[in-house]
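A short worksheet on the structure shown next.
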Amino acid sequence: MSDEMLGLLKSRKINTRLLCEMAAHKDFVKLLADIEIYVDGIARMQIQNLNTLVDMARVKITEKYQPGGEDTHIRLLEAANWGLIIPS
């Protein structure tokens, strides 16, 4: 247990009895797995949104300025996009 968690428990800012009951429940591990799936899904959606924005910027730059294959800005956008892709 981390020092932060110990401090939180000692502070009495949370209901420790309820927290203990939740952790001891037979389905608590399933709840944690479901929360992890939910949080990962939100992260995946945000990364996909960022990829879409980078794609749109690349299209606008290409349409407006007609850059060549070695254009630094296009290469930067492609590198940014590739770095954000998360497999489904």
Side-chain angles (χ1 to χ4, degrees):
M1 190 176 300
S2 70
D3 290 340
E4 289 176 300
M5 184 63 177
L6 286 173
L8 182 61
L9 292 172
K10 289 178 183 178
S11 74
R12 299 188 181 262
K13 291 181 180 178
I14 61 171
N15 184 335
T16 55
R17 180 192 57 78
L18 178 60
L19 182 63
C20 290
E21 285 181 27
M22 287 174 55
H25 191 278
K26 66 180 180 69
D27 291 328
F28 183 68
V29 173
K30 182 182 177 304
L31 173 66
L32 288 180
D34 291 344
I35 290 170
E36 186 174 359
I37 290 167
Y38 175 75
V39 169
D40 287 349
I42 289 175
R44 183 177 335 280
M45 283 188 306
Q46 291 301 325
I47 290 172
Q48 287 171 343
N49 290 341
L50 290 171
N51 279 336
T52 299
L53 289 172
V54 169
D55 287 341
M56 290 170 43
R58 183 184 310 108
V59 168
K60 284 184 179 186
I61 289 171
T62 302
E63 288 174 354
K64 186 171 183 175
Y65 300 107
Q66 303 294 318
E70 293 300 316
D71 184 86
T72 306
H73 297 97
I74 293 296
R75 290 176 53 203
L76 179 62
L77 286 170
E78 288 172 351
N81 186 265
W82 291 338
L84 295 174
I85 295 172
I86 290 184
S88 299

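We count residues from 1, following the sequence as given. Computed from a predicted structure; not experimentally measured. Heavy atoms only: backbone and side chains are in, while hydrogens, waters and symmetry mates are out.
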Single-linkage hydrophobic cluster, 4.5 Å side-chain cutoff, I14 and L6 together: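 Yes, I14 and L6 fall within the same hydrophobic cluster.
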Among I35, D40, I42, the one residue meeting side-chain contact (heavy atoms from CB on, under 4.5 Å) with Y38: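 Per the side-chain contact (heavy atoms from CB on, under 4.5 Å) rule, the option paired with Y38 is I42, out of I35, D40, I42.
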Contact check, side chains of L9 and M5, non-hydrogen atoms, under 4.5 Å: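 Yes. Closest side-chain heavy atoms under 4.5 Å.
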Flag side-chain contact, heavy atom, 4.5 Å: L18 against M22: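 Answer yes - side chains close enough.
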Atom pair CD (Q48) and CG (L50), whose distance is rounded to the nearest 0.5 Å: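 Reported to 0.5 Å precision, the distance equals 10.5 Å.
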CD on E21 to OG1 on T16, rounded to 0.5 Å: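 Going from OG1 on T16 over to CD on E21, the span is 10.0 Å.
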Within 6.0 Å of CG in D3, more than 12 heavy atoms from elsewhere: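 No - once you tally the heavy atoms of other residues, nucleotides and ligands closer than 6.0 Å, there are 12 at most.
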Side-chain cluster (under 4.5 Å, hydrophobic types only) that V29 belongs to, other residues: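 For V29, no cluster forms, as it stays isolated from other hydrophobic side chains.
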